[in-house]
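Have a look at the structure below before the remarks.
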Amino acid sequence: MQRYLKKILYGALALSALAAGVDFLIHHYDPTRVLYKRLKAADKYVYDEIDPRFRQTDPNSLIAIQTPADLAGARARLIKAIWGGGGFPATAMPSRIERGIDDADLRALPNLARIDRITVDMGNGIRSFLYHLQPAAGTMNRLVIYHHGFAGAIRDVPDILGAFLEQGYGVLAINLMAYGGNSAYFGAADGTQYNLHFDLEKIENPLRYQFEPVAAGINYMARNFAYRSVDMVGFSAGGFVAVVAAALDPRIRRSYPVAGVYPIYLRSGQDIQNGMASYYPPMLAAASYLDMFILGASGAGRRQMQIFNRYDRCCYNNTKATLYAPAVAGRAAALGGAFTVLIDETHADHKISRFALDAILADMKR
């Protein structure tokens, strides 16, 4: 009887080990995870091929910007669409600076000398918290803005923040509104609370609350620190913020949106998010996404490198960005800048991979 029970036990253990191994291969080991996602896809157009209907549009026909005057006009329209008559917040400053805070989620980052928490108060009960991470040694006197996206916070990416600190960059880390303690609602005069992501049509100039923290943070850094350049990395919805922020503000020298945004004409499946910020009608009437890419990449020393996860489980997957990359790159080059697209095929997750991070770090050193 004991021998029989031992066989059952050993068999159960073997099955458990096999199940754990299969789970690891499917969910945690990148080569087999990529293969699994491809086999599981509804059709070949999810990851492996570009649907022929997307090739029917010539991206050049969607680009309005031709000259430096066109750049200035498109930027002015975009600023008005986001801030209304108040214009770009060139003098906006944080309402509070807490120097040398102890943050349990960030204190273990490598080469970290100090954390300052910066509060940007935008009225109507809306606040955003920014974190200025200052390197202990090897400072390059350069600032990297990192903007996170939905369903997470900067505390979830210590590898990203730490990589910049280890290189000697100062880091300004920003959470999306509604995350990391940032406000989620606009308080109307009648006491009604409107969600900053899902009730845009009920809020006056709703996108200013997404972009003003970036502008105010740069204003503060320019006044109080001697950083010689400002670059910006954004992930997911933070990638959308990086695209638009770079289009709005030429002080952002290089921008790296990761899994952030496709032009509207290339969107399908989970990429379609009607009613949310990336579909805000006044913004799209002011400038198409292709023109925003050019705005963010044009000018002396400016550059935008967009990174897409080909096998992303969430959004903006496939290689569709290669359809518009030549047109945008050509126009940006004619206007003194540079634009490129990088397709990350090393994994099947919604993330900034080590491959992508290394590519960003290498590009920033150019």
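Count residues from 1 along the sequence.
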Q: Assess the side chains of Asp363 and Tyr256: does a donor N or O sit below 3.5 Å from an acceptor N or O?
A: yes
Q.
Among Asn182, Leu196, Val241, Ile154, which residue satisfies the side chain to side chain contact (heavy atoms under 4.5 Å, CB included) criterion with Leu176?
A. Val241
**Q.** Partner of Tyr47 by ring-ring contact (aromatic ring centres under 6.0 Å, His included), out of Tyr36, Tyr316, Tyr311
**A.** Tyr311
Q. Just how far is it from atom CG of Asn317 to atom CG of Asp344, taken to the nearest 0.5 Å?
A. 12.5 Å
(Q) Does either side chain, that of Asp312 or that of His350, offer a donor lying less than 3.5 Å from an acceptor on the other one? (A) yes
Q) Taking the six-membered ring of Phe164, is NZ or CZ of Arg142 closer than 6.0 Å to its centre and within 45° of its axis? A) no
Q.
Quick check on the 6.0 Å ring-centre criterion: do Tyr220 and His132 meet it?
A. no
Q.
Looking only at side-chain N and O atoms, does Tyr169 offer a donor or acceptor that is under 3.5 Å from a partner on Asp231?
A. no
Q) For Glu204, does the CD atom sit with more than 12 other heavy atoms under 6.0 Å from it, leaving out its own atoms? A) no
Q: Could you give me the CA-CA distance, side-chain angles and deciding distance for Arg107 and Asp102, then say whether salt bridge (charged side-chain N to carboxylate O under 4.0 Å, His left out) is met?
A: CA-CA 7 Å; Arg107 68 164 75 114; Asp102 181 21; 2.8 Å; yes
Q: Measure from NZ or CZ of Arg267 to the centre of the six-membered ring of Tyr289 and say whether it is under 6.0 Å with the direction within 45° of the ring axis.
A: yes
Q: Evaluate whether atom CZ of Arg310 has more than 12 neighbouring non-hydrogen atoms of other residues, nucleotides or ligands under 6.0 angstrom away.
A: yes
Q. Given the side-chain rings of Tyr146 and Phe235, with only the six-membered ring counted for Trp, is the space between their centroids under 6.0 Å?
A. no
**Q.** N-O pairing of Lys320 and Asp51 below 4.0 Å
**A.** no
